[in-house]
Amino acid sequence: MTPEDKYTREENQIEITKSMGVMMEAIQWCKMQIMCLLILVYIGCTYIKDGNYLKRTTKKSYCNVFFDANFIVAEIAVLFDGITACTVNYLDQIPRPINLLLHLGMFVSYEIYIALLFWYWVSATVGIPKKRWIKAVGILANVIIVGLTVFFLPDIEFIQGKYTNYSMGAAVYVCFISVVIHIVFSVVFIAYNRRHIPKRKMIGLATTLVFVSLILTIQFVFPEALVSCIAVALILVSVYLNMENPAIHGLEYYHNEMVMGFATLIENKDDNTGGHIRRTSAYALLIAENMRKNKKYKNLINQDYLNNLSKAAPMHDVGKIGVPDAILQKPGRLTKDEFEVIKKHTVIGGKIIKDTFGHLFDDGYETMAYDVAMYHHEKWNGKGYPEGLGGTDIPLYARMMAVADVFDAVSAKRCYRDAMPLEECYRIIENGRGEDFDPEIVDAFLMDKSKVEEIYDQSVSDDHLKNVSGF
């Protein structure tokens with residue numbers, strides 16, 4: 001090796017050492033953001049891997065859309081946070097316009113992230129508001145916040161701290177105030193709806209807000225701490241574990257399939273193909289969704305209420321498993337003794353729910369499934385069975401199921417009679433208003449006959465296809 005080659009080699013080693021030193025120094029500035037980004041990537045990969053089978057079988061909801069968008073924006077925000085944490089310490093090498101542009105990306109992504117998070121919490125608990133002006137105000141507020149951030153961006157100052165440089169200025173304060181406002185709204189929202197949010201979700205929301213508020217306070221008191229990324233990672237981990245874990249959703253999905261299969265099996269005992277289960281469940285959900293428009297019920301009938309109702313409704317006739325087939329499939333009129341046997345299916349159903357299905361999920365579902373099975377034959381005037389309850393003593397979901405069940409009973413063909421015309425079926429429900437049925441529930445059912453008929457026509461079409469295909 002010539003002296004020139006040796007000198008060149010040593011020079012290259014020095015350059016490599018310098019480059020490694022610069023890279024290690026850069027990592028030192030943003031190591032916290034790198035750690036948070038790796039956590040988010042890991043959770044994202046797990047979420048995608050474990051959730052693939054659900055995507056093929058379940059319909060995307062607002063919750064899923066907001067959560068997916070939140071995940072993407074969170075990673076972008078932490079990435080910008082890490083880059084700016086590094087570039088702000090190289091002000092002599094990185095031009096100010098580039099630093100400003102990178103900070104704009106960080107501020108805007110954080111603002112979008114916190115807005116998406118708030119709407120995710122709303123959709124996951126009580127559901128997205130139906131009124132367009134509420135959604136419009138929310139969007140407009142966030143557009144204004146982003147606009148103010150852009151407007152005040154040129155005024156940002158880069159401060160030299162004891163351990164690292166950091167940014168200050170009106171744009172920073174706008175971003176900080178946006179986070180504070182959304183936290184305040186979240187606290188008010190949770191407090192207002194505390195009785196209608198399931199315990200698992202309430203614990204997740206409350207603990208997340210406490211930790212985020214703590215991290216936000218640290219960031220405000222010690223601005224060079226740059227711990228915002230920890231709040232983002234913590235929120236996503238909490239939401240994933242408590243609300244969006246694919247393993248939990250998978251159990252819920254297979255539970256629903258098991259319930260529907262079991263309920264259909266029971267319905268087959270009285271010569272029904274399962275159409276009764278699908279229709280009555282759809283009618284009950286339609287009633288509940290229409291009743292949400294009533295201020296009296298809008299806070300009671302939230303998204304979890306609808307989810308529980310969709311799982312509980314198919315179980316309303318589960319007690320028929322204890323009724324002899326000869327009675328269920330009798331083509332003629334039942335005797336008094338036979339009708340007394342039929343009436344026992346409500347009590348049998350309640351016992352089955354308690355003993356078999358009751359403790360699979362939360363108490364809200366157990367109570368609803370039990371009440372639907374036990375009390376869906378009670379009447380508003382107190383002349384129903386098995387306990388002769390009347391008025392609002394009958395659980396609300398059982399009152400909904402009563403209307404759904406009677407309408408389907410008269411509108412569908414049975415082994416002992418043909419189906420009645422829909423107009424006659426509507427008259428039966430209307431004539432029972434205030435006598436057999438809760439007047440408000442009757443009104444909620446009849447307010448949108450087109451959707452009722454859509455459910456009816458779809459079920460009739462499905463049953464026809466099954467009969468033609470031989471299944």
Side-chain angles (χ1 to χ4, degrees), residues 32-33 36 66 69-70 72-85 88 96 99-123 129 133-159 161 164-193 205-236 238-239:
M32 198 173 346
Q33 288 81 0
C36 291
F66 278 122
N70 223 308
I72 296 169
V73 176
E75 291 175 330
I76 294 172
V78 174
L79 180 62
F80 271 114
D81 197 337
I83 294 173
T84 54
V88 78
R96 178 177 171 82
N99 250 318
L100 289 177
L101 190 61
L102 291 171
H103 275 76
L104 177 63
M106 179 182 69
F107 294 147
V108 171
S109 54
Y110 270 133
E111 289 160 0
I112 294 174
Y113 168 77
I114 196 68
L116 286 173
L117 178 66
F118 175 77
W119 285 108
Y120 166 77
W121 280 344
V122 172
S123 65
W133 71 266
I134 296 179
K135 291 180 273 191
V137 168
I139 294 171
L140 180 61
N142 287 286
V143 169
I144 292 173
I145 288 171
V146 171
L148 289 173
T149 303
V150 175
F151 179 78
F152 290 119
L153 188 68
D155 298 330
I156 282 183
E157 295 180 10
F158 298 117
I159 311 298
T164 181
N165 294 348
Y166 58 94
S167 57
M168 292 296 288
V172 179
Y173 298 137
V174 168
C175 188
F176 183 83
I177 291 171
S178 169
V179 176
V180 171
I181 289 173
H182 279 93
I183 288 178
V184 171
F185 279 161
S186 298
V187 171
V188 172
F189 169 78
I190 291 172
Y192 183 74
N193 295 287
L205 291 173
T207 53
T208 299
L209 283 174
V210 169
F211 281 113
V212 169
S213 299
L214 179 62
I215 292 170
L216 195 67
T217 302
I218 293 172
Q219 182 66 70
F220 181 76
V221 176
F222 306 103
E224 66 175 292
L226 304 180
V227 292
S228 303
C229 58
I230 296 179
V232 174
L234 180 67
I235 291 171
L236 264 298
S238 175
V239 170

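Predicted model only: the values in this text are computed from it and were never measured. Throughout, numbering of the chain's residues begins at 1 and tracks the sequence.
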State the [atom1]-[atom2] distance between [X] and [Y], to the nearest 0.5 angstrom.
X	Y	atom1	atom2	answer
Ile112	Ile145	CD1	CD1	11.0 Å
Asn99	Ser167	CG	OG	9.0 Å
Leu117	Trp121	CG	CH2	4.5 Å
Phe66	Leu116	CZ	CG	6.5 Å
Leu153	Leu100	CG	CG	5.0 Å

Open item on the list: Measuring only between side-chain heavy atoms, which start at C-beta, is Leu226 closer than 4.5 Å to Gln33?
Closed with: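 Yes, at least one pair of side-chain atoms sits under 4.5 Å.
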Task: Sub-4.5 Å side-chain heavy-atom contact between Ile114 and Tyr110 - done: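 No, every pair of side-chain atoms sits at 4.5 Å or beyond.
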Open item on the list: Between Ile156 and Phe107, does the side chain to side chain contact (heavy atoms under 4.5 Å, CB included) criterion hold? Intermediate values first, please.
Closed with: CA-CA 12 Å; Ile156 282 183; Phe107 294 147; 3.4 Å; yes
Without placing hydrogens or testing angles, list every side-chain donor-acceptor pair under 3.5 Å for residues 206-218, not counting sequence neighbours.
residue	atom	partner	partner atom	Å
Thr207	OG1	Ile203	O	2.7
Thr207	OG1	Gly204	O	3.2
Thr208	OG1	Gly204	O	2.6
Thr208	OG1	Ser238	OG	2.6
Ser213	OG	Leu209	O	2.7
Thr217	OG1	Ser213	O	2.8

Of the non-hydrogen atoms in [X] and [Y], which two are nearest, and what is the gap between them?
X	Y	result
Val227	Gln219	N-OE1, 2.8 Å
Tyr166	Thr164	CD2-O, 3.8 Å
Met106	Ala77	CG-O, 4.4 Å

Open item on the list: Any side-chain to backbone donor/acceptor pair from Glu224 onto Gly161? Under 3.5 Å, distance only.
Closed with: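 Not at all, since once roles are kept as given, no pair shorter than 3.5 Å links the two residues.
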Task: side chain to side chain donor-acceptor pair (under 3.5 Å) contacts in which one or both residues fall within residues 141-152, not counting sequence neighbours - done: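 Side chain to side chain donor-acceptor pair (under 3.5 Å) check on residues 141-152 returns Glu111-Thr149.
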Would you mind writing out the side-chain donor-acceptor pairs for residues 169-179 within the sub-3.5 Å range, not counting sequence neighbours?
none

- [ ] Name the orientation class of the two ring planes belonging to Phe118 and Phe189 (parallel below 30°, tilted from 30 to 60°, perpendicular beyond 60°).
- [x]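 Geometry flag for Phe189 against Phe118: perpendicular rings.
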- [ ] With sequence neighbours left out, write down each residue that passes side chain to side chain contact (heavy atoms under 4.5 Å, CB included) with Pro154, or none if nothing qualifies.
- [x]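 With sequence neighbours excluded, Pro154 shows a side chain to side chain contact (heavy atoms under 4.5 Å, CB included) to no residue whatsoever.
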TODO: For Ile134, enumerate each residue passing the side chain to side chain contact (heavy atoms under 4.5 Å, CB included) test, keeping only those at least two apart in sequence or located in another chain.
DONE: Trp119, Pro129, Lys131
- [ ] Could you tell me which residues satisfy ring pair (Phe, Tyr, Trp, His ring centres under 6.0 Å) with Phe80, sequence neighbours excluded, listed by chain and number?
- [x]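 Phe80: no ring pair (Phe, Tyr, Trp, His ring centres under 6.0 Å) contacts found.
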TODO: Please lay out, stage by stage, how Ile230 and Cys36 fare under the test side chain to side chain contact (heavy atoms under 4.5 Å, CB included).
DONE: CA-CA 6 Å; Ile230 296 179; Cys36 291; 4.1 Å; yes
Open item on the list: Between Ser228 and Asp81, does the side chain to side chain contact (heavy atoms under 4.5 Å, CB included) criterion hold? Intermediate values first, please.
Closed with: CA-CA 8 Å; Ser228 303; Asp81 197 337; 4.0 Å; yes
Open item on the list: Quick one, Glu157 with Ile159, criterion side chain to side chain contact (heavy atoms under 4.5 Å, CB included). Give me CA distance, side-chain angles, the key distance, then yes/no.
Closed with: CA-CA 6 Å; Glu157 295 180 10; Ile159 311 298; 3.9 Å; yes
TODO: List the steps and the verdict of ring-ring contact (aromatic ring centres under 6.0 Å, His included) for His182 and Tyr113.
DONE: CA-CA 11 Å; His182 279 93; Tyr113 168 77; over 10 Å; no
